[in-house]
Amino acid sequence: MFKTKNKFLPWLVLVGIILIRGFASGLNGISGLFLTPVSEELQVGIGTLSLYFSVMSAVQVVWFSYAGRFLNKYDIRIGAAVAAVLQALTFAAFGLMSHVVGWYALAIPQAMGSAILVNLIGPILINRWFPNNTGIILGVQSACVGLFGAVLQPVTSNIIVGSGWRAAYLVIGLVAFVVIMAAVFIFLKDRPEKSEEASKEESTRVVNEELSTHSASFFALLIFMLSLTGVAVFVQHIPTYGNLLGYSVTQVGTALSLASLGTAVGALMIGFLADRIGAVKTCYVVIGLWFLAVIGFWFGGRSALIFAAAAFLNGVAIPSVTIISPVLTLAFYGKVHYERIYAKVSMGAPLSSIFLVPIYGFIYDATQSYVLVLVMLMVLLALAGGSIAYGWRCRKEN
């Protein structure tokens with residue numbers, strides 16, 4: 001389908017994507033390590049400081065649709081380079097701040113850069129360079145990206161302990177900026193040249209973007225992503241839930257390690273299934289796995305083994321958020337306007353984060369229990385299953 005002189009070029013592009021997303025996602029993943037030392041020095045509450053995460057999510061909800069158009073209009077290397085400045089250099093600049101307002105202000109450019117590097121670059125380029133194996137390549141990418149967090153977290157912790165949080169912000173932010181910029185200009189290529197046959201095939205699948213994003217199928221897809229992400233963010237409460245059930249730090253740590261293993265397994269499995277049985281059927285498999293995980297958490301107090309198994313299944317299902325959404329968008333609407341439609345579908349993730357992460361915490365604070373939260377997770381899973389079935393039917397009827 002594509003005229004590519006170098007048959008290894010798509011794989012070089014994938015290496016670039018993994019490096020970029022690995023460091024960009026890693027910056028987001030280590031942000032929580034700074035909350036305690038920063039709040040202590042600035043003498044503000046952790047809750048007050050962590051509000052900048054909510055600012056980031058709110059900015060991303062608004063920014064996603066514009067970011068998709070930006071990447072579709074310009075060479076993606078330009079978009080990635082601009083995003084590296086916005087995210088990585090902003091992260092480094094946190095080390096120069098002396099008032100919590102600085103975090104709120106810098107959260108805006110950081111969110112804009114993160115949306116491009118973490119959420120959009122990978123799916124867009126993989127769709128362009130691997131049109132026949134999109135699912136499994138997305139899975140490989142997700143599995144590899146997860147390794148960066150495992151390295152960056154202990155490195156960052158050691159810098160904070162040894163040199164302070166300001167040095168950690170500066171060092172990690174600048175290193176991430178250099179690596180991302182190098183990967184952009186060494187490995188990334190915007191898109192392969194299309195053969196005449198491929199162009200004709202694509203032109204027959206033109207979907208009007210405005211009609212698509214105002215259709216019943218689009219809103220069903222958005223609800224699906226809201227629901228699925230709402231279940232995924234429960235992972236932040238697993239340590240607290242494990243402690244509530246009476247498990248030791250070691251037992252909870254073992255469960256979290258199994259969850260990380262499950263995430264690597266799940267990334268490959270979900271990508272493979274999406275290519276083999278289709279995106280919609282894979283959604284039902286993921287929903288089923290997550291139901292089993294929630295049931296395991298429900299009965300997790302009876303045995304540490306059940307709790308650990310539930311954490312593992314939860315880990316297996318989590319990569320679906322980043323793998324299923326681009327594959328579903330492709331299945332629903334084809335390749336034309338893919339970047340812009342997928343960017344709007346991606347709004348579901350930050351919307352869930354804004355509301356559901358604190359809601360779960362408030363429920364726990366009020367009841368000293370996660371029973372109601374687990375009920376909410378089951379309702380969200382049922383809503384996800386219903387919305388994807390309805391959306392697919394509406395799409396087929398259009």
Side-chain angles (χ1 to χ4, degrees), residues 25 28 56-65 67-68 111 114-116 118-124 126-127 134-135 138-139 142 209 212-236 263 266-267 270-271 273-274 278-291 314 317-333 337-357 359-360 376-395:
S25 299
N28 289 347
M56 287 184 63
S57 296
V59 170
Q60 287 185 341
V61 171
V62 177
W63 169 241
F64 266 125
S65 61
S114 176
I116 291 175
V118 176
N119 300 91
L120 300 181
I121 285 285
I124 287 174
I126 287 172
N127 173 57
T134 305
L138 283 166
S142 294
E209 181 199 353
S212 299
T213 54
H214 288 80
S215 65
S217 61
F218 173 79
F219 286 107
L221 191 55
L222 188 59
I223 291 171
F224 171 79
M225 287 309 304
L226 280 164
S227 303
L228 211 64
T229 308
V231 180
V233 296
F234 177 71
V235 69
Q236 298 183 37
T263 299
I270 292 167
L273 288 177
V280 176
K281 291 181 181 177
T282 303
C283 289
Y284 297 137
V285 172
V286 168
I287 291 169
L289 286 173
W290 240 323
F291 261 117
N314 190 75
I318 277 181
S320 62
V321 175
T322 54
I323 297 174
I324 287 292
S325 56
V327 176
L328 275 176
T329 304
L330 194 61
F332 270 56
Y333 305 111
H337 302 307
Y338 168 78
E339 285 89 346
R340 286 177 283 183
I341 296 174
Y342 169 64
K344 292 181 179 179
V345 171
S346 299
M347 292 188 301
L351 277 171
S352 279
S353 298
I354 290 171
F355 296 107
L356 291 178
V357 172
I359 285 174
Y360 295 160
M376 286 180 63
L377 297 183
M378 290 187 176
V379 171
L380 287 171
L381 287 170
L383 183 60
S387 61
I388 198 62
Y390 176 74
W392 185 248
R393 187 172 69 249
C394 291
R395 176 262 175 197

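With values rounded to the nearest 0.5 angstrom, F219 atom CZ is found 11.5 Å from L226 atom CG. A distance of 13.5 Å separates CH2 in W63 from CE in M56, rounded to the nearest 0.5 Å. Taking CD1 from I287 and CG from L381, the interatomic distance works out to 6.5 Å, rounded to the nearest 0.5 Å. Atom CD1 in I323 sits 12.0 Å away from atom OG1 in T134 (nearest 0.5 Å). Rounding to the nearest 0.5 angstrom, the gap separating the CD1 atom in I116 from the CZ atom in F64 is 9.5 Å. How far OG1 of T229 is from CG of L380: 10.0 Å, rounded to the nearest 0.5 Å.
Within 6.0 Å of OH in Y390 there are 12 or fewer heavy atoms belonging to other residues, nucleotides or ligands.
S320 approaches V286 most closely through the heavy-atom pair OG-CG1, 3.4 Å. Considering all non-hydrogen atoms of both residues, C283 and I324 come closest at SG-CG2, 3.5 Å. Between Q60 and A115, the shortest heavy-atom contact is NE2-N, 3.6 Å. Taking both residues in full, the closest heavy atoms of L228 and V321 are given as O-CG2, 4.3 Å, listed atom of the first, atom of the second, then distance. Heavy-atom minimum distance, G391 versus A220: CA-CB, 3.5 Å. Contact between L120 and G68 at its shortest, heavy atoms only, is CD1-N, 4.2 Å.
Inter-residue side-chain proximity for L328 and I388 is flagged as met; some heavy-atom pair is nearer than 4.5 Å. Side-chain contact between Y360 and M376 is present, with at least one heavy-atom pair separated by less than 4.5 Å. The side-chain heavy atoms of N127 and P326, taken from C-beta on, include no pair separated by under 4.5 Å.
A donor-acceptor pair under 3.5 Å is formed between the side chain of S387 and the backbone N or O of A384.
Listed by chain and residue number, W290 satisfy the side chain to side chain donor-acceptor pair (under 3.5 Å) test with N314 (two or more places apart in sequence, or in another chain). Not counting sequence neighbours, T322 has no partner by the side chain to side chain donor-acceptor pair (under 3.5 Å) test.
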